[in-house]
Amino acid sequence: MKNWVKIIIICLIGIAITALTRIDSAIYSDPIVQVTSVKTNYQSTETDEYKNVAKIYNQTITGKFLNTKDKGKTINLTNQYDSSLLMTQKYRVGQQLVVKKNSSEYSIYSQKRDTVVVGLISLVVLILFLMKYDRIRLFLSIVLNLIVFVIFMYIIINVPKSILLISAIITALLVTIISLVVILGPSFNALVAFLSTTISTTLAILLSVFLMYLSNNQNIHLEYSDYGLQPYFMVFISGVIFSVLGVIMDETMDITASLIEIKQEVPDVQDGKLFKSGMNIGRELVGPLINILLFIVVAEHLNIVFLYLSNGNSINYTIDMTLTLGIAQLLISSIGILITVPITSFIATKIINRGIAK
């Protein structure tokens with residue numbers, strides 16, 4: 001079958017599955033209402049103490065039940081939203097809403113979003129096909145890792161918090177093994193990546209914990225973690241493990257794959273030259289990877305930083321209250337990225353140049 005025919009078939013399947021979500025209300029236990037008409041009226045304008053202006057609007061929504069015993073009946077709903085749409089939502093004709101009954105009246109609970117979710121998943125599948133990725137292995141690794149994370153979440157919810165860190169370490173090892181074995185296959189290439197990832201992550205965490213201990217966690221306010229989750233240290237380190245693991249795994253796979261290609265092109269390459277090539281490749285990866293992590297930290301905390309600054313707090317106080325943990329995580333990840341280069345280059349060189357990895 002020609003490639004363009006396969007693409008058309010995948011597109012049609014994706015469109016069909018996405019379209020089915022518009023008529024799947026029968027599988028929902030909560031009432032689903034399709035909006036048939038909306039009347040929007042301006043109510044007022046509000047200004048807060050920081051001169052932020054928001055216009056308030058009221059909506060009168062008419063809809064039709066798509067399921068439950070009220071299927072086919074008409075319902076009137078009300079909604080209020082402001083122009084910022086930060087904590088509120090504006091509804092339009094054609095949208096499907098999940099509603100809840102409070103005493104004798106129905107109110108809007110949320111928008112039914114399965115159409116968007118399924119549509120995006122279909123788009124991802126199409127892109128994977130166009131880019132000729134190994135889709136079966138990719139989806140298998142995602143499914144298996146999701147199962148591992150679900151088990152991990154079940155454990156941390158139902159067992160004593162004292163084993164949180166141990167559970168995180170075991171989960172990280174399982175995720176690493178699954179990802180590498182499924183994607184690279186049960187090969188020595190996967191072994192190289194696993195050894196490099198595990199050793200680099202372990203050294204980065206141990207070195208960082210040691211430095212934090214020497215400084216007595218100075219200026220690292222673990223108690224400022226989101227929602228004040230305890231035990232502070234274990235929660236922080238568990239999060240860092242997964243953060244460091246992902247970026248290091250990507251780095252080790254890139255270096256390993258590149259060195260294997262070099263070996264295939266130059267079969268008699270010496271250990272020293274192969275190791276040097278790995279170091280050169282790693283140096284090219286270090287900058288982009290650290291910058292990506294920096295962007296993630298900034299993006300994650302940008303809203304809360306603006307909030308602190310808009311409330312008249314100084315820059316030093318704002319950074320101290322909002323960015324210390326993010327910066328600490330960035331530094332630990334950066335250490336891991338840096339030490340991964342020589343570790344991966346060394347392990348890969350020794351294994352590849354002995355004719356084990358192919």
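We count residues from 1, following the sequence as given. The structure displayed is predicted, hence computed values, not measured ones.
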Point to revise | Nearest-0.5 Å distance, CD1 of residue Ile327 to CD1 of residue Ile332 | key: 12.5 Å
**Study point:** Chi angles and distances behind the side chain to side chain contact (heavy atoms under 4.5 Å, CB included) call for Ile241, Thr171
**Key:** CA-CA 10 Å; Ile241 288 174; Thr171 302; over 6 Å; no
Exercise for review: Could you check Ile292 against Val247 for side chain to side chain contact (heavy atoms under 4.5 Å, CB included), going step by step and ending with a plain yes or no?
Suggested key: CA-CA 10 Å; Ile292 289 171; Val247 69; over 6 Å; no
Study note, to complete from the structure: When rounded to the nearest 0.5 Å, the distance separating CG of Asn102 from OG of Ser107 is 4.0 Å
Exercise for review: Using the side chain to side chain contact (heavy atoms under 4.5 Å, CB included) rule, take Leu289 and Glu251 through it: C-alpha gap first, then chi angles, then the decisive distance, then the call.
Suggested key: CA-CA 8 Å; Leu289 289 175; Glu251 187 179 15; 3.9 Å; yes
Review point. Should Ile170 and Met153 be counted in the same cluster of Ile, Leu, Val, Met, Phe, Trp and Tyr side chains packed under 4.5 Å apart?
Key: no
Check your understanding: How about Asn58 and Thr78: do any of their side-chain heavy atoms sit closer than 4.5 Å?
Key -> no
Revision key, fill the gap. Heavy-atom nearest pair, Thr344 first then Ser196, reads OG1-CB, 3.3 Å
**Study point:** Between Ser84 and Asp82, a side-chain donor and acceptor under 3.5 Å
**Key:** yes
**Study point:** Heavy-atom side-chain proximity of Met249 to Ser179 below 4.5 angstrom
**Key:** yes
Exercise for review: Taking Asn67 for its side chain and Tyr28 for its backbone only, find out whether a donor-acceptor pair lies under 3.5 Å.
Suggested key: yes
Review point. Around Gln43, counting heavy atoms of other residues, nucleotides and ligands shown, do more than 12 lie under 6.0 Å from its CD?
Key: yes
**Study point:** Audit row: Ile32, Val98, side chain to side chain contact (heavy atoms under 4.5 Å, CB included) steps and yes/no
**Key:** CA-CA 5 Å; Ile32 306 298; Val98 181; 3.7 Å; yes
Review point. Taking all atoms of both residues into account, what is the closest heavy-atom pair of Arg22 and Gln34, and its distance?
Key: NH2-NE2, 3.7 Å
Check your understanding: Applying the 4.5 Å side-chain criterion to the ILVMFWY set and letting contacts propagate, would Ile151 and Ile163 be lumped into a single cluster?
Key -> yes
**Study point:** Validation row: Leu259, Lys263 side chains within 4.5 angstrom (heavy atoms)
**Key:** no
Check your understanding: Distance-only, no hydrogens or angles: does the Ser243 side chain make a donor-acceptor pair with backbone N or O of Gly239 under 3.5 Å?
Key -> no
Practice item. May I ask you to decide if the ring planes of Tyr57 and Tyr81 are parallel, tilted or perpendicular, using 30° and 60° as cut-offs? Key: parallel
Check your understanding: Between Lys112 and Asp30, is there a side-chain N and carboxylate O pair less than 4.0 Å apart?
Key -> no
Revision key, fill the gap. d(Leu12 CG, Ile7 CD1) to nearest 0.5 Å is 12.0 Å
Exercise for review: Count the heavy atoms belonging to other residues, nucleotides or ligands that lie under 6.0 Å from CD of Glu265, then report whether that count exceeds 12.
Suggested key: no
Point to revise | Check: Ser44 side chain, Ile56 main-chain N or O, donor-acceptor pair, under 3.5 Å | key: no
Practice item. Using a cut-off of 6.0 Å, state whether more than 12 heavy atoms not belonging to Gln89 lie near its atom CD. Key: yes
Exercise for review: Could you pull out the closest heavy-atom pair between Ile155 and Ser167, with the gap in Å?
Suggested key: CG2-OG, 3.6 Å
Check your understanding: Are Leu174 and Val240 co-members of a hydrophobic cluster defined by side-chain heavy atoms under 4.5 Å apart?
Key -> yes
Exercise for review: Flag the pair Ile335 / Ser208 as yes when at least one side-chain heavy-atom distance between them is below 4.5 Å, and no otherwise.
Suggested key: yes
Point to revise | Closest non-hydrogen atom pair between Ser334 and Ile290, with its separation | key: OG-CG2, 3.8 Å
**Study point:** Side-chain (Asn313) to main-chain (Tyr308) donor-acceptor, under 3.5 angstrom
**Key:** yes
Check your understanding: Does the side chain of Thr197 pick up a donor-acceptor pair with the side chain of Thr252 at under 3.5 Å?
Key -> yes
Review point. Does Leu195 belong to the same Ile/Leu/Val/Met/Phe/Trp/Tyr cluster as Ile169, with side-chain heavy atoms less than 4.5 Å apart forming each link?
Key: yes
Check your understanding: Would you say Ile27 and Ile23 are hydrophobically clustered, going by side-chain heavy atoms of ILVMFWY under 4.5 Å?
Key -> no
Review point. Out of curiosity, Ile248 CD1 to Thr340 OG1, how far, rounded to the nearest 0.5 Å?
Key: 3.5 Å
**Study point:** Shortest non-hydrogen contact from Ser345 toward Ile255
**Key:** OG-CG2, 4.2 Å
Review point. If we only count heavy atoms from C-beta on, is the Ile281 to Ile262 side-chain gap below 4.5 Å?
Key: yes
Check your understanding: Is any side-chain heavy atom of Leu206 closer than 4.5 Å to a side-chain heavy atom of Phe210?
Key -> no
Point to revise | Side-chain heavy atoms of Ile319 within contact of Ile315, under 4.5 Å | key: yes
Review point. Taking atom CD of Glu46 and atom NZ of Lys55, what is their separation to the nearest 0.5 Å?
Key: 13.5 Å
**Study point:** side chain to side chain contact (heavy atoms under 4.5 Å, CB included) partner of Leu144, chosen from Val182, Val181, Val175
**Key:** Val182
Practice item. Measure the shortest side-chain to side-chain distance between Val192 and Ile260 over non-hydrogen atoms and say whether it is less than 4.5 angstrom. Key: no
